[in-house]
Structure formats: structure tokens, C-alpha cells
Amino acid sequence: MKPEKDKIKQPALQVWKNNWFLIKLCLSASPAYVIFAVLDSVRNQVSIFFEHTYGIGYVLEAAEFHYPFRQVATFLLLLAGGVTMGMVFTVFAGDYIQEKERPKIRERIKLQFYEKAKELDLERYDNPEFYNELVLVLSEVDKQIDRCVIFLQNTMSGIAVFITTGIYFFMKDKMSIPFAAVSFILAFLFNQMFNRLTYRIRIARNPHERKREYVKRVFYLSDYAKELRLNPEVSDVLFEKFEEANENVYQVERKNANRRFILSFMSRYMSNAFFSDVLYISYLVFQATVRKALSFSSVAILYNSFGRLKRGMSIFTDVYPYACETSLYVQRMRDFLACEPGIVSEKNLLPTEIAKDIELQGVSFAYRKEEGDFLCNISLHIRPGQKIALVGYNGAGKTTLVKLLMRLYDVGAGRILADGVDIRDYQVEKYRESIGTVFQDFKIFAGNVKENVLMDIADGCDEEPVRQALSESGLWERICETKEGLETQLTTEIMEKGVNLSGGESQKLAIARVFYQKAGLMILDEPSSALDPIAEYQLNHVMMEATKDKTVIFISHRLSTTRLADHIVMLEKGRIAEEGTHEELLRKNGKYAQMWRVQAGAYMD
């Protein structure tokens, strides 16, 4: 990743490329939204020019020089008709086209980012810097879409103002233009510095604001409600973190307050109000009273329209710094969309759906190279249809090992074979689909029961396999108790009438996903940790029956479950400490036997 200072420095060509990239995204998502927004902004400025500059100037001149009433009335009627047509167009473009297309453009662009997030390697989520970037990018998508459209509107409306008002000033008084020119040059310099400072402040605040958001989530998400009430003291810890984050945000703002004030003062007053309200009005009075070069009606309208001419020129001052700030975020979006998964297929082979033969040959793996290997020189052969239990204390590497088997990570050394083929040669998605998995940190999604079993769109699916999977996992009777059955909405996060399953019921649902897949290899990480002893006993026997022709790897801290395995592998500090059957390991009287005595000894006695 580049240092933050390098990210802020941008060549002009890069600024325009980044903004054009976002413009193309918006145009591809909804051309009508962008085009009508731009046309309406141009129409608005042209209408304002004829109403407030040319129109008022004409009426003042008519009063000063006694134009015929018929001529003035005809002009005003034509002006009113044109303004009315413009307002009709604005209603159509703003209230109809933009309101209709805005949800579409946001949906289509966001889906591109969600699709990219879905395909990224799990390893990237272990990188705090990348994760910060990901959070920033996804939180900024809506805002940057709006900024893109505003950028186009400001640019095109600015050009419209500059052309119409510039021609008017050129015809009335050429010497007025240098006043606006000097004002715009100063504004350009100070606005650019102000926007860069604003961006640095935003980046510096980001990690502290994420901490504040975390505390906010803890206090409003139902996941934490029980713990907060049973352990009210933890609120003090969270309040302390919240206050610390607020203090850090305050320090960032305080550190930059003086510079921000000076730049804002120079930009808003010295570059704008001072020129118009002091220097330019003095020049106009001199031209009208001393040189007699301007009529009083011209003085009034030139002074009144001086701000419009500056706003027209501000296309050269405000738009580029605005584009620079947008570009900084868009560059992050482009970098994110350009990320390619490192876990790819070497040969795009298709895996079989039968019970797999798995072999690990000298497998080592490190999450971070500087921390050393987390798994070291693991060699293991699992025959088709064999039931393998991985046991060991927390942090021994059990879950990491199965993540390697699923190619959520790639091995650092050695290789893993499935049916005699290096798993890196299989088509990644198809290989993962050939494995049924339940992790201990599984999630229940806000959808109906069918969707949560299929983990896919369930419209028109055959419901019988879903019922069978739920029956095998022991959840079907609970689903039958609900009014909607398989259509029952789960969680109350989206649907008020949704059903919140208990921990054990949720685990049964997650297990039903595996039974539904009919995969050749099943990986079960603590499959019965939330179940009561009777439900665990029933599930174990159903699971053995349902997977009799499958290769099964399960992780469990309950050694009563591991007794059902054909082969037990005990891991310790990333290495295989012991392996064998339950009886063989007890006879060895090693680490496994020690764990068994701790868990089962009291009951055996």
C-alpha cells in the first residue's frame, strides 16, 4: 500500500481519469439519470441569466431611457413563457426521471462493489489496512455517485454561466472581467489547499470514527443486548473507548483548526467579498460618476451580476479541487475493483462429487510471514469415506487446517491433494461447492428458511430435499410449528414478524445446509457445540448415517463426539502431536488421554 502522502498527491491527468471512470460507471448504470441532471442544471443557469441579468437589465434600461410600453410588455411575456417551459422541464427531469433512476444507479454500482468483495481472498480481510480501505470505499459509494453527478452539473452549469454572463459583461464593460479573473485565481489557490486539508482530516478521523461506530453498534444491535444487561460493567469500558475516540477526533480537528480557519477566510472573504463589495463597486461608481462611461442601470446590473460571472469562472477554481477530492476516493474505488484474487485455478479441473481422498504433504502456513508458521509440516492421508476428528486446545490450528483444505487460503509450503490432484488445479468455486461446511461462527441470514438452507434464491426449488435436510438435522419439527413453514422469515432485523432461532436451533439449520449439499467431503467445525446432550447424541448418529458414503472431517472439543471417528488427529501448536483411534490414543496415555480424563473421567468414576 502507498503511504498516505503519496495517495494525496495526484497528477492532473490522474484526477481527470478517475473522475471520468466514475462518470462512465454512472452512465453505464443509468444514462437518463446523468443526462437529464446535466441538462436541467444548464437550463436552470440559462433561465437565471435571462431572468436576473439580461431581463432585469433590460427593464432598468427601459425605465431609464423610456422604452415603449408595448415593447417591454412583449419582452416580459416571452420571458415568462420561456421560464414556465423551463420549470416544466425541471419537474420532469427532477421529480420524475431522477427520482425514478436514482435507486437504480445506486443499486447497479453498489452491486459491482459487493460482487468484488465477495470474490476477494479471505487473507485480505486479515489485513487491517486493507479492511480500513474496504470500509471507507463501501461507505463512500453513495456519496461519490452524488458527487459525480454534482461534478457534471457544476461543470456544465458553470460553462453556461461563463458563456452567457461573460458575453454580457464583454458587451457592457470589458474592464469588469479582470476583477473577476483575479478573484477566481486567488479562489483557485485557496480552495485547492482547503480541500486537500479537508481530505487529510477525513482520513485522520476515519479509524477513530470506526471505533465510535463500533460502540454505537454494540448498543443498538440485539446480538449484544443480553451481555450488556448481564454485565453492565462492560458499558464503562465501551464508554471509555467512545470518549477516547471522541477525544482523538477532537484532537484531529483541533490540530487543523487554525489552518482551516485561515484558508477558509482567504477563500471566502479575500477572494470573494473583498473584491465585489470593496474594489469592484468602487470601480463601477468611478465609471458612472466620474468618467460617465456607464449608465446607472448598467452599474446596478453589472454589480448584481458580478457574483454570477465569478461563479461562472469558478468552474476553473472550484471544479478542479472538487474533482481532486473526488479523485482521491475514486482512486481507492478503482484500486478495490482492480484487486484480483490470489487464489485462482491453475488448470480449471472439475472436482467429483463422490467421497474424496485427501492427502496433505508437508503443509505449512503462516498468516503473516514475520510471525512465523502457524501450521508446520502437516502430513496426513484421509481415505474416501473415512471419518476424521481434529482435536486440540484453542489456537492449535484446527480451523486453519480446514480453511486450507477449502482453499480459503493457499498453503505456504507443501501441497494438498484431493483425489490425487493438487487442489490448486481445480476450478476454485466448483471445488468449494464440492465441500459441505459448517463453521463454529456460522451466520443465519435475514431470509426465509428455504433460502437459509439452500444459501441461494429459493423460488421454484424442489422443497422435498430441503425438508429431508432439516429432518436429518433435527430442525424439521420446529419449522412445522411455525405458520409459514419453509417460508418462515428468520431474524427480526428486517421482518418484524421474523423468527429468532435459539443457538441450538440455529446450529441445526447450519447443519441442514451441509446435508442438503450432498457433497463428497464434509467439514464440520464444532457441529454440536450449542446442542444439549440428547440432541447431540441424536445428531451424531444421524450424521454418521447420512454421511456413511462421504468423507467427513469434524472439529470438536467434546471428546464424546470424537469417539465416533475412524481416526483422530490431535494438533498442538500447529503440528500433529498424536493420531490414531480413540482406543489407541488412550493406550498412548499422552495429550489426548489427558484431555479425555479431564472431560470424561468424572463420569467414568
Side-chain angles (χ1 to χ4, degrees), residues 7 10 12-45 88-121 124 130-160 195 199 202 206 315 318-341 429 445-447 451 456-457 459 494:
K7 293 179 183 178
Q10 302 177 98
L13 182 60
Q14 180 185 350
V15 170
W16 296 120
K17 282 184 176 180
N18 285 340
N19 280 271
W20 177 238
F21 172 82
L22 187 54
I23 290 170
K24 287 192 296 182
L25 273 184
C26 293
L27 283 170
S28 64
S30 177
Y33 179 84
V34 178
I35 292 171
F36 275 92
V38 171
L39 287 177
D40 185 52
S41 66
V42 172
R43 181 221 58 81
N44 184 53
Q45 294 303 327
V88 171
F89 180 82
T90 293
V91 171
F92 174 74
D95 295 344
Y96 178 70
I97 296 295
Q98 291 190 46
E99 291 302 319
K100 174 186 174 184
E101 295 294 318
R102 183 180 288 113
K104 293 181 182 179
I105 193 171
R106 290 183 174 179
E107 175 191 357
R108 291 170 186 171
I109 292 178
K110 279 182 176 179
L111 283 175
Q112 294 187 46
F113 288 93
Y114 296 160
E115 287 289 339
K116 176 57 68 172
K118 183 182 72 174
E119 71 180 34
L120 289 179
D121 297 335
R124 290 188 177 273
F130 175 83
Y131 190 71
N132 280 337
E133 294 283 306
L134 173 60
V135 171
L136 180 63
V137 165
L138 294 182
S139 65
E140 287 286 331
V141 173
D142 280 350
K143 182 178 179 181
Q144 297 312 316
I145 292 171
D146 292 340
R147 284 181 65 90
C148 169
V149 176
I150 292 171
F151 168 73
L152 285 174
Q153 289 178 313
N154 290 346
T155 301
M156 299 309 297
S157 64
I159 290 173
N195 285 331
Y199 175 78
R202 172 74 176 85
N206 187 53
I315 184 178
D318 295 342
V319 169
Y320 182 71
Y322 188 91
C324 285
E325 185 177 349
T326 302
S327 173
L328 291 166
Y329 292 106
V330 175
Q331 185 61 53
R332 282 171 153 79
M333 293 180 179
R334 295 186 70 180
D335 291 343
F336 175 69
L337 290 174
C339 287
E340 293 296 334
E429 289 187 4
F445 293 92
E451 291 168 339
D456 198 352
I457 297 172
D459 295 341
I494 294 178

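- Of the possible donor and acceptor atoms, none in the side chain of E325 sits under 3.5 Å from a partner among the backbone N and O of Y199.
- A pairwise comparison of heavy atoms in S327 and N19 identifies CB-ND2, 3.9 Å as the closest pair.
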Practice prompt. Evaluate the salt bridge (charged side-chain N to carboxylate O under 4.0 Å, His left out) criterion for residues D146 and R106: first the C-alpha distance (whole Å), next the side-chain angles of each, then the deciding distance (0.1 Å), finally the verdict.
Written response: CA-CA 9 Å; D146 292 340; R106 290 183 174 179; 2.9 Å; yes

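- Panel note: side chain N44, backbone D40; no donor-acceptor pair is recorded below 3.5 Å.
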Practice prompt. In sequence, state the C-alpha distance, the side-chain angles, and the governing distance for R43 and T90, and then conclude on side chain to side chain donor-acceptor pair (under 3.5 Å).
Written response: CA-CA 8 Å; R43 181 221 58 81; T90 293; 2.8 Å; yes

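- By the 4.5 Å heavy-atom criterion applied to side chains, L22 and R147 are not counted as neighbours.
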Practice prompt. Evaluate the side chain to side chain contact (heavy atoms under 4.5 Å, CB included) criterion for residues R334 and L337: first the C-alpha distance (whole Å), next the side-chain angles of each, then the deciding distance (0.1 Å), finally the verdict.
Written response: CA-CA 5 Å; R334 295 186 70 180; L337 290 174; 5.8 Å; no

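- Checked against the 6.0 Å centroid criterion, the rings of F92 and F36 qualify as a close aromatic pair.
- Rounding to the nearest 0.5 Å gives a distance of 4.0 Å between CD1 of I109 and CD1 of I145.
- Classification of the F151-Y322 ring pair by plane angle, with boundaries at 30° and 60°, yields parallel.
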Worksheet item: Would D142 and K110 count as a side chain to side chain contact (heavy atoms under 4.5 Å, CB included) if you check the C-alpha gap in whole Å, the side-chain angles of each, and the deciding distance to 0.1 Å?
Response: CA-CA 8 Å; D142 280 350; K110 279 182 176 179; 2.9 Å; yes

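- Note that the CG atom of L25 and the CD atom of Q112 stand 5.0 Å from one another [nearest 0.5 Å].
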Practice prompt. Please assess E107 against K104 for the test salt bridge (charged side-chain N to carboxylate O under 4.0 Å, His left out), listing each intermediate value before the final yes or no.
Written response: CA-CA 5 Å; E107 175 191 357; K104 293 181 182 179; over 6 Å; no

Discussion item. Working note: E119 + K116, criterion salt bridge (charged side-chain N to carboxylate O under 4.0 Å, His left out); need CA distance, chi angles, decisive distance, verdict.
Written reply: CA-CA 5 Å; E119 71 180 34; K116 176 57 68 172; 2.7 Å; yes

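- Note: E101 CD to C26 SG = 12.5 Å, rounded to the nearest 0.5 Å.
- Pairing each heavy atom of A32 with each of I97, the nearest pair is O-CG2, 3.8 Å.
- With salt bridges taken as basic N to acidic carboxylate O contacts below 4.0 Å, none links R332 and D335.
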Worksheet entry | Derivation of the side chain to side chain contact (heavy atoms under 4.5 Å, CB included) call for Q10 and N18 | CA-CA 10 Å; Q10 302 177 98; N18 285 340; 4.0 Å; yes

Item to complete: Under the side chain to side chain donor-acceptor pair (under 3.5 Å) rule, what do Q153 and S41 come out as? Steps first, then yes or no, please.
Response: CA-CA 6 Å; Q153 289 178 313; S41 66; 4.9 Å; no

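- Here the OH atom belonging to Y114 is positioned 13.5 Å from the NZ atom belonging to K118, to the nearest 0.5 angstrom.
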Discussion item. Is there a side chain to side chain contact (heavy atoms under 4.5 Å, CB included) between C148 and T326? Walk through the geometry before answering.
Written reply: CA-CA 8 Å; C148 169; T326 302; 5.8 Å; no

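- Smallest separation of non-hydrogen atoms from L152 and V34: CD1-CG1, 3.4 Å.
- For the atom pair CG (N195) and CZ (R202), the distance works out to 14.5 Å, reported to the nearest 0.5 Å.
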